[in-house]
Amino acid sequence: MEVTVLLFAAHRERVGVPSAVVSLPDGSTVRTLLSRLRGLGGGWRDLPPAPAVAVNRRYASGDSVLADGDEVALIPPVAGG
Amino acid sequence: MEVTVLLFAAHRERVGVPSAVVSLPDGSTVRTLLSRLRGLGGGWRDLPPAPAVAVNRRYASGDSVLADGDEVALIPPVAGG
Amino acid sequence: MTWSDITTSPIDPSAVLARVGTPGDGAVALFLGTVRNANHGRPVGGMEYEGYRRMARDELAAIVSEAAARAGSDRVAAVHRLGELAVGETSVAVAVSTPHRAEAFEAARHVIEEIKKRLPVWKREHYLDGEAEWLEGRVPVGAGGCDAAGHGGVNRR
Amino acid sequence: MTWSDITTSPIDPSAVLARVGTPGDGAVALFLGTVRNANHGRPVGGMEYEGYRRMARDELAAIVSEAAARAGSDRVAAVHRLGELAVGETSVAVAVSTPHRAEAFEAARHVIEEIKKRLPVWKREHYLDGEAEWLEGRVPVGAGGCDAAGHGGVNRR
């Protein structure tokens, strides 16, 4: 399956791209995805070890199981207002 | 000495006039004035026994000593906002 | 600079907002009091505000100054309207700006609470059934109350 | 009806105020967040707001709905701006109207606090010395955080 990873603000700048499509085994969790991303090397290794994550625009935990086509956003500490 | 008494809202309606000039002995206090006012009879007797009072546009106590020309307002419970 | 006014003209919230805000402020709080169409379930057609105008000016200025001192900001503005107001019209507006939001909220709230405790203003509700009543108010804070029978009042604070 | 928006256009406080207020309401509270000209004493020339726009829309709508439920009023409106803002410009506006004032203040405060905790928005301060920095934010409430080393995250709330 494939998921789309979205990066914002400082995360985006560290990695150098605003989004990436990642192939994962079916049944992978958010945690699996994060591990895979760090394995990509480069700026991906500079991401914090446990970023907040949203799956399909809702905050989600590391245990969340992903599905094909999911949109997974790595959410830096928020600073709205 | 003479002081000017001002009446507002329900007080004004009870007494029937918005203001009155009252003659008092020199050295009279607010309490003396209020007693004198009740003695005028009519609507004055319908005023509450201990209204809030402002002397020259500042809240004042019954002990306040009045001076010639003072403006004494009887202040009903306030309801601004 | 702080600003306050007692007026018989309609209140424009934008004009009150324009009294506050500086480049160093990150937060603005505005409060508006408006005339409701009902009170305790009784339909209301309008509200008549009466005030001891000169004293109300002084008292509102004092309230605003106190709030400014508490908030550490001189960007505090308040205006109270007098006269006949229709349902929905603004009777009072308070605006505060401060560097951070907690102080703006706190100061705006403080001003409206003090207005209700101290401002020499009274209101008569006009009901749709044709009757009208002075609304029960609060013995003003800062007023000792005077007892003609001689039980004494407290001193002005 | 509640209303919320994420926009790149300038925010007009009057338009946000116009989203709330009914004849049954006696209180309106408005909060504005504005760009400050300095932070920790460092002169600021402007602020760049980035957002995860579609999620921010959903999250702001949820915050507004929660505030409306708490306040017992559906007259709750909020808008957050994204993009490049100059000093003094409004980045966020929240308006609430309720029959009585306590609920309006409380709900407006609640909305801005939740925005700061949860809205997926980030800001980069542009300093007059030519540098720019992403401001330190808060780990969003509602996000468990995820640990790639396998220590587990908490469930979404």
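Quick note on labels: first sequence line is chain A, next is B, and so on, each numbered from 1. Worth saying up front: this structure is predicted, and the values here are computed from it rather than measured. Scope of the values below: all heavy atoms of this structure, side chains included, with no hydrogens, waters or symmetry mates.
- Top candidate by heavy-atom pairs under 4.5 Å with chain C, chosen from D/Pro99, D/Pro13, D/Gly21, is D/Pro99.
- In this structure C/Ala29 satisfies the side chain to side chain contact (heavy atoms under 4.5 Å, CB included) test together with C/Ala104, C/Ala108, sequence neighbours excluded.
- You'll find the side chain of C/Val96 stays beyond 4.5 Å of the side chain of C/Val28, heavy atoms only.
- Only the backbone of C/Val35 has a heavy atom closer than 4.5 Å to any heavy atom of chain D.
- Residues D/Leu82 and D/Val121 are in side-chain contact: their nearest non-hydrogen atoms beyond the backbone lie under 4.5 Å apart.
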**Request:** Carefully, step by step, assess C/Ile115 and C/Ile63 under the rule side chain to side chain contact (heavy atoms under 4.5 Å, CB included).
**Result:** CA-CA 7 Å; C/Ile115 283 172; C/Ile63 290 168; 4.3 Å; yes
**Message:** Walk me through whether C/Phe105 and D/Phe105 qualify under ring-ring contact (aromatic ring centres under 6.0 Å, His included).
**Reply:** CA-CA 8 Å; C/Phe105 274 105; D/Phe105 274 105; 7.0 Å; no
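- With a 4.5 Å cut-off on non-hydrogen atoms, C/Ala93 does not touch chain D at all.
- Residues D/Val79 and D/Val16 are in side-chain contact: their nearest non-hydrogen atoms beyond the backbone lie under 4.5 Å apart.
- Heavy-atom pairs under 4.5 Å with chain C were tallied for D/Gly26, D/Gly88, D/Gly24; the largest tally goes to D/Gly26.
- Residues C/Leu128 and C/Val44 form no side-chain contact, since every pair of their non-hydrogen atoms from C-beta on lies 4.5 Å or further apart.
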Once you leave out hydrogens and angles, what donor-acceptor pairs under 3.5 Å do chain C and chain D share?
unit_1   : atom_1 : unit_2   : atom_2 : d
C/Ser14  : OG     : D/Ser14  : OG     : 2.7
C/Pro23  : O      : D/Asn37  : N      : 2.7
C/Gly24  : O      : D/Arg36  : NE     : 3.4
C/Asp25  : O      : D/Thr34  : OG1    : 2.8
C/Gly26  : O      : D/Thr34  : N      : 2.9
C/Val28  : N      : D/Leu32  : O      : 2.8
C/Val28  : O      : D/Leu32  : N      : 2.8
C/Leu30  : N      : D/Leu30  : O      : 2.8
C/Leu30  : O      : D/Leu30  : N      : 2.8
C/Leu32  : N      : D/Val28  : O      : 2.8
C/Leu32  : O      : D/Val28  : N      : 2.8
C/Thr34  : N      : D/Gly26  : O      : 2.9
C/Thr34  : OG1    : D/Asp25  : O      : 2.8
C/Arg36  : NE     : D/Gly24  : O      : 3.4
C/Asn37  : N      : D/Pro23  : O      : 2.7
C/Arg101 : NE     : D/Glu113 : OE2    : 2.8
C/Arg101 : NH2    : D/Glu113 : OE1    : 2.8
C/Arg101 : NH2    : D/Glu113 : OE2    : 3.3
C/Glu113 : OE1    : D/Arg101 : NH2    : 2.8
C/Glu113 : OE2    : D/Arg101 : NE     : 2.8
C/Glu113 : OE2    : D/Arg101 : NH2    : 3.3

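- In this structure, C/Leu30 and D/Leu32 have side chains that are not in contact, with every pair of non-hydrogen atoms separated by 4.5 Å or more.
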